[in-house]
Number of protein chains: 2
Amino acid sequence: MDQDIEQRQLYSVNQLADELGITARAIRFYEQSGLITPRRAGANRVLDRRDRGRLMLILRGKRLGFTLAEIREYLDLYEGDRSQFRQVQKLLDLTRQRMAELEKQRADLEQTIGELRSIERQAREALEAASKNEPS
Amino acid sequence: MDQDIEQRQLYSVNQLADELGITARAIRFYEQSGLITPRRAGANRVLDRRDRGRLMLILRGKRLGFTLAEIREYLDLYEGDRSQFRQVQKLLDLTRQRMAELEKQRADLEQTIGELRSIERQAREALEAASKNEPS
DNA sequence: AAGCTTGTTGACGTTAACGTCATGTCGTGC
DNA sequence: GCACGACATGACGTTAACGTCAACAAGCTT
C-alpha cells in the first residue's frame with residue numbers, strides 16, 4: 001500500500017548520521033531525549049523518512065539557537081492532537097509565542113547583517129585605496 | 001571636554017545588569033572572558049556608555065546563537081586596527097564568513113516562521129469552526 | 001561602634017549536549 | 001567456528017556559560 005511505497009527508504013543510525021552530518025551518538029541521544037522514536041529490527045534502530053524529517057527539523061532548530069527541550073515543544077506542534085479544544089488553544093499559544101521570538105530574532109539578524117555589510121564596505125574601500133597608493 | 005559630556009553616564013555592575021536584564025555575575029564573567037574592560041573606582045567596577053554598548057552587542061550575539069568566543073571575534077571587528085593590510089584582509093574575511101552564516105540562518109528563520117504561520121492559521125480555523133458548531 | 005548595603009574575589013556546583021571509552025551482541029564471509 | 005564489522009548499552013568525561021556560596025572590604029547610617 002501507500003505506506004509501503006512512501007516509507008520504503010530505511011536507514012541505519014550511521015547511514016543517516018552521515019547523510020545529515022552528525023554522529024550516531026547524537027541520534028541515539030535525540031531518541032533518549034524523546035525527540036524521535038525510531039523502530040527496531042531486533043536491537044538495531046531502523047530509521048525511516050519520518051525520522052529523517054524530524055531530525056532535519058531538529059538540526060534547523062539548533063541552528064536557530066533553540067535548546068532540545070524547546071525543539072521538542074516545536075515538534076509537538078506538528079503532531080499534537082488537533083481535535084480537542086484545549087489542545088488547539090495551547091497549540092495556538094505556543095505557536096504565537098514562538099513566532100514572536102523568531103521575529104525578534106529576525107530583527108536582530110537584519111540589523112547585524114546590515115552592520116556587517118557596512119564593515120565589509122569600509123574594509124573593501126580601505127583595501128582599494130591602499131592598492132591605488134601602493135601599486136605593487 | 002566632549003568625552004566628559006559623552007561619558008557622564010556611569011553604572012555599577014548591578015545597575016547595568018538590572019537595566020539589561022542580566023546578572024552582575026554575568027557581567028563579571030564577560031569581563032573575565034575579555035569581552036569588556038570596565039574601569040575601576042578602587043575595587044569597584046565602573047561601567048560607562050561604551051561598556052553598555054558592548055554588552056548590548058554581546059546580548060544580541062547570544063540571541064543569534066553565537067558563543068562568547070565568536071562574539072569576541074565579532075566585537076574585535078569593530079575595533080580592530082584598520083590601518084594595516086593584513087588586519088583589514090582578515091577583517092574582510094571574517095565579516096564575509098559571518099555574513100554567510102547569518103544569511104543561512106535567515107533562510108532557516110523565514111522557513112520556520114512560514115511554517116508556524118501555517119500552523120497558526122490551521123489552529124485558528126479549527127477553533128472558529130468549533131465555535132460555529134457549538135455556540136455555547 | 002554596629003549594622004546594613006553593595007560591592008569584591010575565589011572556589012565549587014550545575015545544565016545541556018553530546019564525545020569517548022569499555023564491553024557485549026549479532027549476522028556474515030571465509 | 002571464528003574473525004570482523006556494525007550495532008547496542010552503560011558509564012564517565014567535557015565544554016560553555018553562568019549560578020551559588022563563603023568570606024571579606026568599603027561606605028553610609030543610626
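These values consider heavy atoms only, across backbone and side chains, with no hydrogens, waters or symmetry-generated copies. Labels below follow one simple rule: chain letters A, B, ... track the order of the sequence lines, proteins then strands, and each chain is numbered from 1.
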Checklist entry - Which pairs pass salt bridge (Lys or Arg N to Asp or Glu O under 4.0 Å) with one or both residues in residues 81-97 of chain B, sequence neighbours excluded? => result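 Qualifying pairs: A:Glu120-B:Arg96.
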Next on the checklist: Counting only heavy atoms and a strict 4.0 angstrom limit, can you tell me which residues of residues 66-79 of chain B come near DNA chain D?
Outcome noted: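 Per residue number, the list reads B:Thr67, B:Leu68.
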Next on the checklist: Is there a side-chain contact between A:Leu68 and A:Lys62 in this structure, where contact means two heavy atoms from C-beta onward sitting under 4.5 Å apart?
Outcome noted: yes
Item to check | Minimum heavy-atom distance A:Ala123-B:Leu91, with the two atoms named | outcome: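 Looking at all heavy atoms of both residues, the closest pair is CB-CD2, 4.1 Å.
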Item to check | A:Asn44 CG - C:dC26 P separation (whole Å) | outcome: 10 Å
Checklist entry - Can you list the steps and then say if A:Gln111 with A:Glu115 is a side chain to side chain contact (heavy atoms under 4.5 Å, CB included)? => result CA-CA 6 Å; A:Gln111 192 179 346; A:Glu115 289 172 16; 3.5 Å; yes
Checklist entry - Quick one: ring pair (Phe, Tyr, Trp, His ring centres under 6.0 Å) partners of B:Tyr78, sequence neighbours excluded? => result B:Tyr74
Checklist entry - Got more than 12 heavy atoms from elsewhere within 6.0 Å of CZ, B:Arg124? => result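 Yes, CZ of B:Arg124 has more than 12 neighbouring heavy atoms, counting only those of other groups under 6.0 Å.
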Next on the checklist: Assess whether a salt bridge exists between A:Glu128 and A:Lys132, defined as any Lys/Arg side-chain N lying under 4.0 Å from an Asp/Glu carboxylate O.
Outcome noted: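 A:Lys132 and A:Glu128: not salt-bridged.
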Checklist entry - Is there a side chain to side chain contact (heavy atoms under 4.5 Å, CB included) between B:Leu57 and B:Ile71 once you walk through the steps? => result CA-CA 8 Å; B:Leu57 287 177; B:Ile71 293 174; over 6 Å; no
Item to check | Range on DNA chain D touched by chain B - first to last nucleotide, heavy-atom distance under 4.0 Å | outcome: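 With heavy atoms of chain B under 4.0 Å away, the range is D:dA17 to D:dT20.
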Checklist entry - Which part of the nucleic acid, if any, lies within reach of A:Ser12 when heavy atoms closer than 4.0 Å are counted: base, sugar-phosphate only, or nothing? => result sugar-phosphate
Item to check | Sorted by number, the residues of residues 20-28 of chain A with heavy-atom contact under 4.0 Å to DNA chain C | outcome: A:Thr23, A:Arg25, A:Ala26
Checklist entry - Between A:Ile36 and A:Ile27, is a side chain to side chain contact (heavy atoms under 4.5 Å, CB included) present by the stated rule, with each step listed? => result CA-CA 8 Å; A:Ile36 55 175; A:Ile27 293 188; 3.9 Å; yes
Item to check | Selection residues 97-108 of chain A - residue pairs positive for side-chain hydrogen bond (donor to acceptor under 3.5 Å, both in side chains), sequence neighbours left out | outcome: A:Arg106-B:Glu110, A:Asp108-B:Arg63
